[in-house]
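Notes follow the structure.
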Amino acid sequence: MPEKALLEVVGLPYPLVASGKVREVFDLGDAFLMVATDRVSAFDVVMREGLAGKGIVLTQISLYWFARATALTRHHLVDDHAARIAALGRDYPELQYRSMIVKKLKPLPIEAVVRGYLSGSGWKSYQETGKLFEYALPEALKESAQLPEPLFTPTTKAASGHDLPINCVDAAQLIGETCFEQVREVSLQLYQMGVARAAEAGILLADTKFEFGTDGAGQLYLIDEVLTPDSSRFWPMESYAPGGPQPSYDKQFVRDYLESLDWDKSPPAPSLPETVLSGTLNRYIEAYAKIVR
Ligand SMILES: Nc1ncnc2c1ncn2[C@@H]1O[C@H](COP(=O)(O)OP(=O)(O)OP(=O)(O)O)[C@@H](O)[C@H]1O
Ligand SMILES: [Mg+2]
């Protein structure tokens, strides 16, 4: 069922406060209810077709990582999360496994990207300038090569349209020096945590994006989704071979198909063929099965 329809059928009595490309956010009063839909977005455009169950996979992967992130940072899940989700599930079983109940926080205006490998817009930057945005790199690195060390490459968080790379100095100006240092430090630590666990599952965590928010007292929290195939590049370790793009568990499959078309990446999105849809869903489920055991 298309996800808009699901949410209409469910008929939640709570006000909808935000509708992102993938998530719907409802106001529970003391907290937000974040429902991950089955929508697929690529190049910041929402596709016509959804992937049945994708929202569940995203939510369950995020919950796995939030539990592990507590050693490194505060995060947005309410303290009695499991009990509150179980209660929600009694009234709205369709929403139980695709929902998070979270503290109401103010998202920082940057996205905290960490890269351990040269791929995507990072590879594009290296080809054009020999650098990874502001960072100098060795010469003659291949596409998908491992970086000498993981690097923090923040972007703006655009209200609509594309997020753009931003220098660390500018990012620090935007959110404050102390907050920036904390975001950078925690992001690199979370990435390392992800790398270690993914490696046990035979997966390379090439890069990822975190979001953070603050409470009224200015305390920092990890928010949104964590180390999912929507926010990260996961590559199978056994076939890793620098020198080109890698097969992956994330939506690169959708991106590759779209790149093969003559589409200008502005809405409306072209239809995705059944093979691309099922192939993508299978990859998401495989990533889930490998990581969350
Ligand atoms: N605890 C939280 N408090 C407030 N906002 C949050 C919290 N966690 C996540 N968010 C915000 O909720 C939205 C989630 O929706 P979704 O992931 O679909 O958005 P998106 O399309 O990726 O991004 P955007 O809405 O910024 O275009 C994001 O804007 C995210 O920053
Ligand atoms: Mg998002």
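Indexing begins at 1, ligand by ligand and atom by atom, following the structure's order.
Of all protein heavy atoms, the one closest to atom 24 (P) of ligand 1 is Lys157 NZ, 4.1 Å. Arg23 N, 2.6 Å is the protein heavy atom nearest to atom 18 (O) of ligand 1. Protein heavy atom closest to atom 19 (O) of ligand 1, with residue, atom name and distance, is Gly20 CA, 3.7 Å. Scanning the protein for heavy atoms near atom 6 (C) of ligand 1, the closest one is Ile223 CD1, 4.0 Å. Protein heavy atom at the shortest distance from atom 27 (O) of ligand 1 is Lys21 NZ, 3.3 Å. The protein atom (non-hydrogen) at minimum distance from atom 12 (O) of ligand 1 is Val25 CG2, 4.0 Å. The nearest protein atom to atom 2 (C) of ligand 1, hydrogens excluded, is given as Lys103 O, 3.7 Å; this is a heavy-atom distance. For atom 9 (C) of ligand 1, the closest non-hydrogen atom on the protein side is Asp224 OD1, 3.3 Å.
Ring-plane geometry between Trp235 and Tyr240 is classed as parallel, the angle between the planes falling under 30 degrees on a 0 to 90 degree scale with a further cut at 60.
The six-membered or imidazole ring of His75 lies away from that of Tyr221, with a centre-to-centre distance of 6.0 Å or more.
Every atom of ligand 1 with a heavy atom of Glu211 under 4.0 Å away is listed here by number and element: 30 (C), 31 (O). For ligand 1, the atoms closer than 4.0 angstrom to any heavy atom of Val102 are 1 (N). Ligand 1 places these atoms under 4.0 Å from at least one heavy atom of Val22: 18 (O).
Between the side chains of Thr178 and Glu181, not a single donor N or O lies within less than 3.5 Å of an accepting N or O. In this model, a donor atom of one side chain and an acceptor atom of the other lie less than 3.5 Å apart for Arg115 and Thr153. Of the N and O atoms on the side chains of Tyr117 and Asp207, not one donor lies less than 3.5 Å from an acceptor on the other residue.
Around the CD atom of Gln219, the shell of radius 6.0 Å holds more than 12 heavy atoms that belong to other residues, nucleotides or ligands. Within a 6.0 Å radius of CZ in Phe152, other residues, nucleotides and ligands contribute more than 12 heavy atoms.
Remark: ligand 1 and Leu105 share an N or O pair separated by less than 3.5 Å (distance only, no angle test).
The side chain of Phe32, and not its backbone, has at least one atom closer than 4.0 Å to an atom of ligand 1 (non-hydrogen atoms only; side chain from C-beta on).
Just one of Asp38, Val46, Asp230, Val40 meets the side-chain contact (heavy atoms from CB on, under 4.5 Å) condition when paired with Val22; it is Asp230.
At least one heavy atom of Met34 sits closer than 4.0 Å to an atom of ligand 1.
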Between Arg84 and Asp30, does the salt bridge (charged side-chain N to carboxylate O under 4.0 Å, His left out) criterion hold? Intermediate values first, please.
CA-CA 12 Å; Arg84 290 188 67 171; Asp30 67 326; 3.0 Å; yes
